[in-house]
Q: 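Take this structure, written in structure tokens, and hold onto it; I'll ask about it next.
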Amino acid sequence: MRVLVVYYSRTGNTKRVAEALVETLRQRKCNPTLEEIVESKNRNGLLGWLRAGTDATLSKQTGIAEMKSDVSEFDVVVVGTPVWAFTATPAALTFLRRYGRRIKKVAFFCTLNAKGAKRALARMQKVSGKEPVAEASFRAKSIKTGEFVKEVGDFAQSLIEKAAEKD
Ligand SMILES: Cc1cc2nc3c(=O)[nH]c(=O)nc-3n(C[C@H](O)[C@H](O)[C@H](O)COP(=O)(O)O)c2cc1C
């Protein structure tokens with residue numbers, strides 16, 4: 001099974017989960033590819049943080065680089081985003097708006113401090129127009145302690161099983 005894992009990450013948590021997911025999928029004999037969603041907007045510093053919150057709240061579109069991978073060549077595309085202001089990031093939503101129609105099957109995950117996972121995942125589903133075969137959320141705390149690795153294993157398993165089911 002060919003799986004593409006794409007992620008947006010400002011401070012590294014979502015990147016860590018995406019990398020662990022790719023490693024797990026590789027161990028389970030999938031054929032994963034990892035690619036970052038690269039946003040053109042600078043989100044560094046206090047001003048970047050403040051703008052990030054308002055852009056997410058206002059559901060703003062943003063500039064992202066063209067993806068190197070052809071999303072239509074994969075059996076499943078997994079999209080990872082941090083939660084910003086109780087929703088998904090502008091970069092992840094822009095990715096889904098741009099590429100959603102070409103994706104066969106989709107799965108979502110988000111990383112967060114405490115609240116907003118359900119809303120962020122629902123937003124990704126709405127924007128992509130696709131029901132995910134699997135979804136998961138990971139707390140920043142469990143990413144720091146390393147506990148998230150087991151949760152990643154569960155997520156990988158459920159996405160492999162569900163993606164293998166016939167439509
Ligand atoms: C602008 C902004 C808004 C955020 N809003 C939320 C939120 O609504 N709920 C939450 O639990 N965490 C929130 N967070 C925390 C991030 O979701 C969390 O730290 C995430 O793991 C960061 O991912 P990253 O390191 O991949 O960028 C916010 C972070 C930023 C920068």
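Every heavy atom of this structure was used, including side-chain atoms; hydrogens, water molecules and symmetry mates were not. Order of listing sets the numbers, starting from 1, for every ligand and every atom in it.
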Q: Distance from Thr24 atom OG1 to Asp154 atom CG, nearest 0.5 Å?
A: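 The distance works out to 10.0 Å.
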Q: So, the side chain of Tyr8 versus the backbone of Phe95: is there a donor-acceptor pair under 3.5 Å, distance only?
A: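 Checked: no pair found.
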Q: Please answer whether the main-chain N or O of Ile143 pairs with a side-chain N or O of Arg16 as donor and acceptor at a distance below 3.5 Å.
A: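 Looks like yes, one N/O pair under 3.5 Å.
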Q: Consider only side-chain N and O atoms of Thr89 and Thr81, and report whether a donor and an acceptor are under 3.5 Å apart.
A: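 The criterion, which ignores hydrogens and geometry beyond distance, is satisfied for Thr81 and Thr89.
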Q: Keeping Glu35 on the side-chain end and Ser69 on the backbone end, is there a donor-acceptor pair under 3.5 Å?
A: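 Checked: pair present.
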Q: Where do Lys105 and Lys162 land on the side chain to side chain contact (heavy atoms under 4.5 Å, CB included) test, with the steps shown first?
A: CA-CA 10 Å; Lys105 287 182 177 170; Lys162 291 281 190 283; over 6 Å; no
Q: Students should find this: residues with any non-hydrogen atom under 4.0 Å from ligand 1. What is the answer?
A: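 Under the 4.0 Å cut-off, ligand 1 touches Ser9, Arg10, Thr11, Gly12, Asn13, Thr14, Trp49, Ala52, Gly53, Pro82, Val83, Trp84, Ala85, Phe86, Thr111, Leu112, Asn113, Ala114, Lys115.
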